[in-house]
Number of protein chains: 2
Amino acid sequence: MEKIQEQVEVKLEQDAAALEALNLRLSWVGRRWLQHDLDAHHLTVPQYMTLRCIQDSTEGCSMSELAESSHQVSATMTGIVDRLADRGLVARTPHPRDRRTLRVVLTPAGQQLMAEIHAAKRTLTRQVLSSLLVEERQAMIQTTRRYLEMMESILCSP
Amino acid sequence: MEKIQEQVEVKLEQDAAALEALNLRLSWVGRRWLQHDLDAHHLTVPQYMTLRCIQDSTEGCSMSELAESSHQVSATMTGIVDRLADRGLVARTPHPRDRRTLRVVLTPAGQQLMAEIHAAKRTLTRQVLSSLLVEERQAMIQTTRRYLEMMESILCSP
DNA sequence: TATTGTTATACTCTATAACTATA
DNA sequence: TATAGTTATAGAGTATAACAATA
């Protein structure tokens, strides 16, 4: 009985090592792949992440919110938003109540660019998913979400 | 019948959008998480990827191989390997037959550092995997591998 | 005093173009 | 001529520390 348990442990260790190596490479290649897509629009990955964050919000984001969302210091966000603003994709608008705070919003040009990117997006995800059963798709989404939540909690805790 | 097929398509589209958003965030957070781990060893993510690539090879890598593996131009690799060599973690050794080519290898210090990082690695992957059935783990590894292969093929083709 | 955001600085990564040495 | 690698250059992202404005 103990021997079987031991074998299960060994197998788990192997699976963990295999998946860890795959995820490391997936994260790296995924970024290069995204950058490859964004090149056509002269956007960088951090710039795109920032636009997504603003897009997902209802009334724009403060600089602090953008920094927190991407796990970066606010000084870094200043530079990224500067370049997006220079291109007219976002605008810094004042906060109605707190004059220290800004609301960064998408301009019409920014909204249009995001729509173009969305339309041009490759169908890699759909290709993979369409070869799975509905239950498998759900399981994959659930597992990925769990992964992400664990990572974020570890990253935010200190 | 057509109506059911339509619903399946809609559902697939939703699943694809959900997983795409998750993967985008996972790729970003995964990198921050890795960087957070590497900070203790004063390594950057590109430096770590380079060390991994050398470690996985049997007789060291040429500069071209390192560049190709990370989908970067060789001029970029020159800088990364310069900094690793300055710290004594890798060494440029001559190729026995072709005097144009280098073999970048891990020094003993580099091997020791990689061993330390491996030992200190968080058990996030194992935590997630241990809550899955063996069949689910295998399915997850397979799906992740398929994803990666598709990405790499798209990235390399042009 | 505490918070929001920017500026100044230094370093790494990244690509392009021009270059050297070798095949 | 073609290939392997480096150098020079420019720009983007990143963190730290110091700072101004506001609460």
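Residue numbering restarts at 1 for every chain, and letters A, B, ... go by the order of the sequence lines.
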Tell me the interatomic distance from Arg92(A), atom CZ, to dT4(C), atom C1', rounded to whole angstroms.
12 Å
Would you mind reading off the distance between Arg103(A) atom CZ and dT4(C) atom C1', rounded to a whole angstrom?
15 Å
Are a donor atom and an acceptor atom from the side chains of Glu116(A) and Gln112(A) found within less than 3.5 Å of each other?
yes
Given atom CE of Met77(B) and atom P of dT3(D), what is their separation to the nearest angstrom?
21 Å
In this structure, how many angstroms lie between the C1' atom of dT12(C) and the CG atom of Asp82(B), rounded?
12 Å
Does this structure show an ion pair linking Arg103(A) with Asp98(A), if we count only N-O contacts that are shorter than 4.0 Å?
no
Which nucleotides of nucleotides 13-23 of chain C have their base under 4.0 Å from a protein heavy atom (B), which only their sugar-phosphate (S), and which neither (-), written as one string 5' to 3'?
SBBBB----BS
Hey, are the side chains of Tyr147(B) and Met140(A) touching, using non-hydrogen atoms and a 4.5 Å cut-off?
yes
Tell me what Thr101(A) touches on the nucleic acid: a base, only sugar-phosphate, or nothing, going by heavy atoms under 4.0 Å.
sugar-phosphate
If I take atom CG in residue Leu84(A) and atom C1' in nucleotide dA12(D), what distance separates them, rounded to the nearest angstrom?
12 Å
Atom-to-atom span, NE2 of His42(B) to C1' of dT16(D) - whole angstrom:
14 Å
Within the structure provided, determine whether Leu113(B) and Ile117(B) are in side-chain contact (heavy-atom separation under 4.5 Å).
yes
Provide, to the nearest angstrom, the distance between the CG atom belonging to Asp39(A) and the C1' atom belonging to dG11(D).
14 Å
Does a side-chain heavy-atom distance below 4.5 Å link Leu129(B) with Glu20(A)?
no
Report the distance from atom CG of Leu38(B) to atom C1' of dA15(D), rounded to the nearest whole Å.
16 Å
Quick check: do Ile80(B) and Leu84(B) have side-chain heavy atoms less than 4.5 Å from each other?
yes
